[in-house]
Amino acid sequence: MLSPVVVLAALAAAVACLVYRVSVMRALGTGWRIVSALPGTRFDIEHGRTGVLVAIR
């Protein structure tokens with residue numbers, strides 16, 4: 001279900017790299033490092049009586 005969104009996001013990122021003259025391979029490497037560092041990350045968001053917990057495993 002998310003794969004079409006991922007493909008569109010990758011295309012948009014590639015176009016943005018070309019527009020801003022950033023190496024696509026370097027941007028992919030940096031993105032991969034960020035994604036691989038996410039496991040174990042936890043976000044607790046509270047607003048009034050509503051709370052949301054997002055945990056990345």
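Quick caveat, the model's predicted, so the values are computed rather than measured.
The hydrophobic cluster around Tyr20 extends to Val15, Val19, Val22, counting ILVMFWY residues whose side-chain heavy atoms fall within less than 4.5 Å of a member.
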Under 3.5 Å, side-chain donor or acceptor atoms of residues 41-57 against the rest of the protein: list the pairs with distances, not counting sequence neighbours.
residue : atom : partner : partner atom : Å
Thr41   : OG1  : Leu38   : O            : 2.5

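Contact detail for Pro39 and Ser36: the closest heavy-atom pair is CD-O, 3.3 Å. The heavy-atom pair separating Val24 from Cys17 by the smallest distance is CG2-CB, 3.8 Å.
Among residue pairs with one or both ends in residues 19-41, none qualify as salt bridge (Lys or Arg N to Asp or Glu O under 4.0 Å); sequence neighbours excluded.
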